Structure formats: C-alpha cells, structure tokens
Amino acid sequence: MRTDTNRTVYLKDYQPTDFIIESIDLVFDLGETLTTVGSEIRMHRRPGADPAAPLVFAGDGLALSGLALDGKPLLPERYDCDASTLTIRDLPEDGSFTLTIKTRINPSANSELLGLYRTSGIYSTQCEAEGFRRITYFYDRPDVLAVYTVTIIADKQSCPLLLSNGNLVEEQDLGDGRHMAKWHDPFKKPSYLFALVAGDLTMIEDSFTTMSGRHVALRIYVEHGKAARAGYAMDSLKRAMKWDEERFGREYDLDIFMIVAVSDFNMGAMENKGLNIFNDRLILADPETATDDDYARIEAVVAHEYFHNWTGNRITCRDWFQLSLKEGLTVYREHEFSADQRSRPVVRVDEVKFLRAHQFPEDGGPLAHPVRPTQYLEIDNFYTTTVYEKGSEVSRMIATLLGPDGFRKGLDLFFERHDGGAVTIEDYLKCFEDATGHDLTHFALWYHQAGTPVISVASFYDERKQQLKLTLSQTTPPTPDEKIKKPLHIPLRVGLIGPNGADMAPTAITGGESRKDVLELTKDEQTFVFEGIGARPAVSVNRDFSAPVKIRFDQSREDRLRIAGAERDLVARWDTVNALALEVLVKAAEDVKAGRPVTTDPALSDLLVATAEDTALEPAFRALALTLPGELDIGREIGADIDPDAIHLARNTVIEAIAEAGADSFAQLTGDMANGGAFSPDAQSAGRRALRNAALVLAAAAEKSPRRASQAYESADNMTDMLAAMRVLAHQFAGSAEAENALADFRRRFAGEPLVLDKWFSTLATVPGENTLERVTKLMGDEAFDEGNPNRVRALIGAFASSNPTGFNRPDGAGYAFFADFILTSDKRNATLTARLMTAMRSFEALEPSRRALAREQIERIAAHDDLSRNLRDIVDRMLK
Ligand code: 0A1
Ligand code: ZN
C-alpha cells in the first residue's frame, strides 16, 4: 500500500480485458496468520483480442505459492510475478484454458481492513474497490463479471459459521476439528462484490415473501449477546424490500439475504451480493444505547445496501469513474425511502444540511472533482460526498425534469436494458432520453463539471401589467481541474407567495422552458415572466432544494419574513429561517472580530420563538428551526479569513439573546415534549425528543445553570435524551461539577459498550476551547480507546479535527501538530481511514492568516515524508497544490 509509482488512472485509457472470465472457484483454508487461497479460473480470449497478448492480473502484497495452466505447473519462463502483478505469456492457441493460482495471506496482520482480515476473532472481507487483489491475483475491476463458487475450510470451534455470497450448496465435517462449507452464487458479479465471513456469531432470522411469491430467508449476524439489538435493522430491511417492489418494481433475487455486523470496518457498510457486511454501529440499536439519529441512519443504510442489489450489483459500473452510477442513484433511492418512511420535508432538510456542510466545501476546495471524475491516483479517495450526495441530487434533478412517471419509465428501461451489465453514466442517461424523448445532452454537464453553481436572482413586479419578472443568472466558480465553467441545465422550483400567505398561480410563464412550477435555467442569464399576478408576491426560490446550488437573492425583509412564517414548502421555509439566523450570526462574528459590541436582532428571536411555539407545525420541523447554525456553518458562510474564536463568542452571545427572549417557551417545551409512555423510535416520537432537546439548549442558556440539563440527564430513559443532556452539560457548562459527574457516570455505565463510548469520546472531543487538546491526548490512553478501530478513531480524533473549530484551531497551532502526528502513525496502519481523516483539514486556506500558516506548516510536514501511502499522498498533495 505504500506509495509506489505515480500511477494515475485515466478514464480515456479504458480498455476491455483481453480475456473473458467464465467462472472462478475459490478455496479458502483459513488460518489466523496463514490462510491459503486456491483459485481456479476458467477463461477464454476475447474474440478479436491480440492472440499474442499476455494475461495480466492485479495483486497487492501477495505471495504466490502455486501456478498451473490446465492442470500443469507453469514454468518460470512463462510468467512474471511480483507483489502487484502476475503476467502470463504464450497462452494456448485456441485461447481457452483454466488457470490455477495459489496465494498465501496473513489475515491477522491486515490492519488496513481491506481484502481478507481477521479482527476480534472474526474473518471478514472488504473488496470494494480494489481489495480482492489482496486475496488473489485477478482481473480486479468492475467490468469483469464471473460466477463464483467458494469453499471455506476452517476450525470448527472458533469458526462454526462459514459464509459467502449466494446459496449454501454443501457442508461437511472434515474430522480433525475442521469443517467446510461451499457457496455458489448464480449471478455473475465483479470481484468487488465478493465476500466471506467466518467466525462465531449469533443471528436473528426472519423471512420475506416477494411480490412474485418467492420466499427469502433473512438473517442478521451479530456478536453473541447482541441479538436483541438487531431487531430494528431487520424491520428496516423488510420495509426496504417492500418499498423497492412498490416504488420501483424491484424484487430480490436469491433465496437468502444475509447481513453481518462487524466491529472493525473502514466505512459504513458494503453491498456484497447476498451478504452485506456492516459496521456494527449501523446495525445495533436499542433505546438504551442508540439515539434517534442512530435509528434513522440504520434504517437508511440497511436500505441503501439492499437497494444496491439492483443499482450496483445486477447493474454495475464499467470502471470506477462511473462510481456515481451506482452510488448517486442508490443514495437517491435511499433518500426517497427515508422520505416515505418519515417526514418528507424534515428528511429533505437534513439532506440539505448535510450537502451544505460536506459537499459544498468539498466542491469549493482543493479536493473538488466532478461527479464523474476523469482521473484518479487512488480510487478509495473518491468515495466522496460529491460522488454520493451530489450524484444523488443529479438523479433527483432528472426526476424533477422528467416528472415521477418519466423517471420511473427511464429507470425501468435501465433495468431492462442493462441487467447483468457493467455500464456507464452515458448508458444511464440514454435510458431516460429513450424512454421519455427528453434531450439530456446539456443536463449531462452536471456529471462532468465540478463546483457549486451560484444563482443570482432579481425580481421586478409590474402592477399595471400584473407581471412578475424574475431574472436568474448563473455562474460556477473555478475548481482546481477547470477554470472556465459553462452554464448548466438547472431545474429551479419556484413559488410565488401572495400577501395572504397562499400560493399565487400564474396564468402563463414565458422566457424559458418550465414544467409546472419548475423553471429550467439553461443559459448564463434568463428572465422568466409570470403573467396574471394580481399583487406583489414574495418569491420563494429553490423550493424543496430542487437544485444543489447557492442562491443569492437580495430580498426585502418583509418578503423573507413572509416566507419564514407562511411558506407551505417547509424546506424553503426552514431555509429562510436558517438564512435569517445565519445572517445575524455572521454579522455578530464580524462585530466581535472588529472589536465592536454584538448586536442581535429581536425580529429573529421573535421568529424563532413563534416557530418553536407553532403547534400547527410538526415538532421535528420546529426543532430544526430552533437549532441555530453551528460554528462550522457560520465559518463556511463567512468563507475566508475565518477566526473560530470570534465565531464562538459571537454565537454564544446571539444564543443568549434568543434564549432570554424565549426563556419561558423553551423551559415549557422541555416539559411539554416529555416522552409519554414507552420509548418508540418512530419519527413522530423522535421529533418530540428533538424539539425538547433543542429547547433544552436554549433553556439552559437562559438560566445560565446546569440544573435543568443535569435533571434531564438523571431522568433520561433513552440514549437520545441522555446524550443531549450530557452534551449541554459538557459543552455549555464545561468544567462544572454537574458536567463532570454526568461524564463520569456515562463512562462507568457504558464501560462494556464501545459503540456507546464513541458518543462519550465525541462529546469530549468537541468541547469548545483550547484545553480540549489536552483532554483528547489523555483520552487516547483510555482503555476503551483503540487506534486500530476506525469507529474509535473517528469518534475521538475525527470529531476533534472536523467538529471542534475552537479546540482544533487553537491559535498556537498545537491542534494541527497533534493531528499531523496522529496522521503519520495512523497512515502506517490504515491508509484508507487516514486519508479520509486528513480531509478534515481541506478548508485550511479559509482560516485567518496566522492559523492558515500554522496549518499549512503541518500539512507540509506530512507531505515531506517520502513513505506515505498512496491514499494520503494523493490527499495532501491536492490540498497543497
Ligand atoms: N459501496 C459501499 C461503500 C464502501 C466503499 C468502500 C469500502 O471499503 C474501502 C467499504 C464500503 C456503500 O456505498 O455502501
Ligand atoms: Zn453505496
């Protein structure tokens, strides 16, 4: 994994393989430090391929222990082999042969958690994107689809469970304490979807009858003692299976669907065919240990991985540049599922918040790249929010442009036309064009052009003509890969809100294409004219966040307050409330920075209090409105010359003013929204808890006392309330006896629960102020902390670097130095994880000059090492460019 040559991969170099694989039979003889892998591959030369072309397979850190062609050992002059390639020459004339390869690997030494690894007594695999080559030499690329048969041999006692993809076809006791299991997956698949799990786990079982009446066994495997916490994941799975049938006509295809939860996993989860492997934090939940957000994430990710069975597995990517073909589309499907299971606008607001907090900064910083990149040094670094979430927004825009029926028709055609294929984003778009007659040529630029478009809006109302003119102009700022940007095809949903708060319906819209209330912006600048508008409306732009863009609209205060108080599109309504708050917070931060007294805006307080009290609105929405933009949001809005300390002080001052203005309401809400009866994780109950806990933040700020939060902590009967109260204590009353007591109690109470202690680590790592660095350093010595476990690392180090602006950006630069040290050690152990962690510093150029220089110094210190992993090298070099 160390940096080898500069092997940038280019989309333009794509070539199909010279040989076609028909099937692969794998035999794993599992041993903790020595596992042997036998691979028997039936293949033939691709018609038309050069008969002299050698066979070139990829490997990564492998030791070859046997090689035979059609059963005969290959002479050394016929092949070359090193740790990363196997090249075989002079292949049979007729081009059809069977190759047998034996490799030896050490799963216990695999700290990268890629390929086959053994942690906590469990063997498991992670093969996406290029992990299969750490198991055996192969065409480890997504366009090579083969039928897999997998035999697993292992010690019976430590590994009673032997799993792989597809159906179990044979089991046998081998005597001598060992046994075997054989799995066959009838669906052709690329190597990245291969999976194997062996160990001692328990499981819960259920079943699902598909729409055509087939019976599917469902199993979720977890650590012993954790079965009771897998119920919600199982329930989510069944709902996802049903939903995909109803919404998209997609039926599951094997007789069994398995999920395994493992405690050491680099990412969230993995969609291996019939055998999904999950980070256990995305499976395990009960009221005592999981928050409402955890439940929502579990529901979403279980669905996401399941949905991949069609979007990703049955139809996969031709090459890794097409990653968004499966990820963008699957995130979109996941989002739609969550919206149907919960409150659609609340789910959508959370998506918008996520996009703005993560994707917009990526798109506006040194790591910007198009949804479909054209080159990469390390593909693991492209599992990004641009490929995932912006990719999802692009599919959502297609649905907006074509309407729900048009989108469904296009997707139906995609499934019909490409089932069993490895395809491109062009193939995907073509299906929508062919199914609906729409021309998406211009729209396709969303996949190829990086950067977040900015749309400037100007409105002019002509009372005499009863006309509203809306002039929209778009620009996309330059990104590292491309300076000059073209205008995009942007669907913009617009509402005209009349003086009484109701929507006004224009008699006609001219000036460009439009579909109902969706304007299609295609040029640099366009003026749309709405006819038959009897009074000056408040214009609400980008309803439901119809396009992933930034809007600049110098709107009157009255208009904004009308939207904030009456807009029926709750996403736009939230957005306006949030923008008003952000404006006040930004101004306050500027005041602090300039040494001026902070002035707050009573109208904002009134608006927030009124929204919080508005019982016509669902509690979850009121909670969203009441949660003020965070320090990071304010920093992003300021964009340059950021002083985290000024932002912190300013935000606290504004919070106090709002808290005081609404003290009684907030105090009241903390009581009104109390749980009645037994805990339920449903969205309504979660919404009540969210409102109560948002109110607690403000009530505590008004009272300037930890008393209320301390009581809330003591009386909490679920993790959501407990964690919320502990956070208020730790963050707003840091150092108080109440805070320390709660933190100590939590540590004790959940001593045997690593996933719960992650919440404790994160709470402590995000306590504002420069003293947190010492605490974080100390916590690395806590016996619950484990540098080899990605969840622990993200909970402590990741949270500190990415979510503690004042602590991490200490003016003396000690936060950066600490982080750089950690990065350098961690890179030796787990490069994928480390490179992702490193992206926490991607926006360092936006800091004020002194911090910016200190941050750069540390990034340069990392870059100066010549033995960095390719993953980390790629990230730091792009950050410093
Ligand atoms: N395909 C998975 C994401 C994933 C990617 C890489 C991994 O290991 C390095 C693991 C998972 C998904 O979208 O859920
Ligand atoms: Zn995915």
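Indexing begins at 1, ligand by ligand and atom by atom, following the structure's order. Keep in mind the model is a prediction, meaning the values are calculated, not measured.
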Part of Thr330 within contact of ligand 1 (heavy atoms, under 4.0 Å): neither
Any side-chain heavy atom of Pro548 sitting closer than 4.5 Å to one from Leu355? yes
Sub-3.5 Å N/O-N/O distance, Glu271 and ligand 1: yes
In the protein, what heavy atom is nearest to atom 9 (C) of ligand 1, and what distance, to one decimal place, separates them? Glu128 O, 3.5 Å
Element-labelled atoms of ligand 1 that are located less than 4.0 Å from some non-hydrogen atom of Tyr383: 5 (C)
Give me the ring orientation class for Tyr428 and Phe432: parallel if the planes are under 30° apart, tilted from 30 to 60°, perpendicular past 60°. perpendicular
Is the contact between Ala269 and ligand 1 made by the side chain, the backbone, both, or neither, using heavy atoms and a 4.0 Å cut-off? backbone
Is it possible for you to check whether Arg333 lies under 6.0 Å from the centre of the six-membered ring of Phe407, through NZ or CZ, and within 45° of that ring's axis? no
Atom indices of ligand 1 within 4.0 angstrom of Leu114 heavy atoms, with elements: 9 (C)
Please classify the Lys326 to ligand 1 contact at 4.0 Å (heavy-atom distances, strictly less than): side chain, backbone, both or neither. side chain
Any cation-pi pair here, Lys273 with Phe187, using under 6.0 Å and within 45°? yes
What angle sits at the Zn ion (ligand 2) between NE2 of His308 and OE1 of Glu327, to 10°? 100°
How about Phe208 and Tyr252: are their ring centres within less than 6.0 Å of each other? no
Near His304, which atoms of ligand 1 are under 4.0 Å from a heavy atom of that residue? 12 (C), 13 (O), 14 (O)
For ligand 1, which atoms, with element, lie under 4.0 Å from some heavy atom of Met270? 1 (N), 2 (C), 11 (C)
With under 30° as parallel and over 60° as perpendicular, where do the rings of Phe138 and Phe132 fit, or are they tilted in between? perpendicular
Taking C-beta and beyond as the side chain, do Ile425 and Phe321 meet within less than 4.5 Å on heavy atoms? no
Can you tell me if Glu305 has an N, O or S atom under 2.8 Å away from the Zn ion (ligand 2)? no
Determine whether Asn110 and Arg134 satisfy the following criterion, side chain to side chain contact (heavy atoms under 4.5 Å, CB included), listing intermediate values before the conclusion. CA-CA 10 Å; Asn110 184 346; Arg134 293 165 60 88; 3.1 Å; yes
Residue, atom name and distance, where the atom is the protein heavy atom closest to atom 3 (C) of ligand 1: Tyr388 OH, 3.2 Å
Should the pair His308 and His304 be assigned to parallel (<30°), tilted (30 to 60°) or perpendicular (>60°) ring geometry? perpendicular
Could you pull out, from Glu305, Glu327, Met267, Glu334, the option with a heavy atom nearest to atom 14 (O) of ligand 1? Glu305
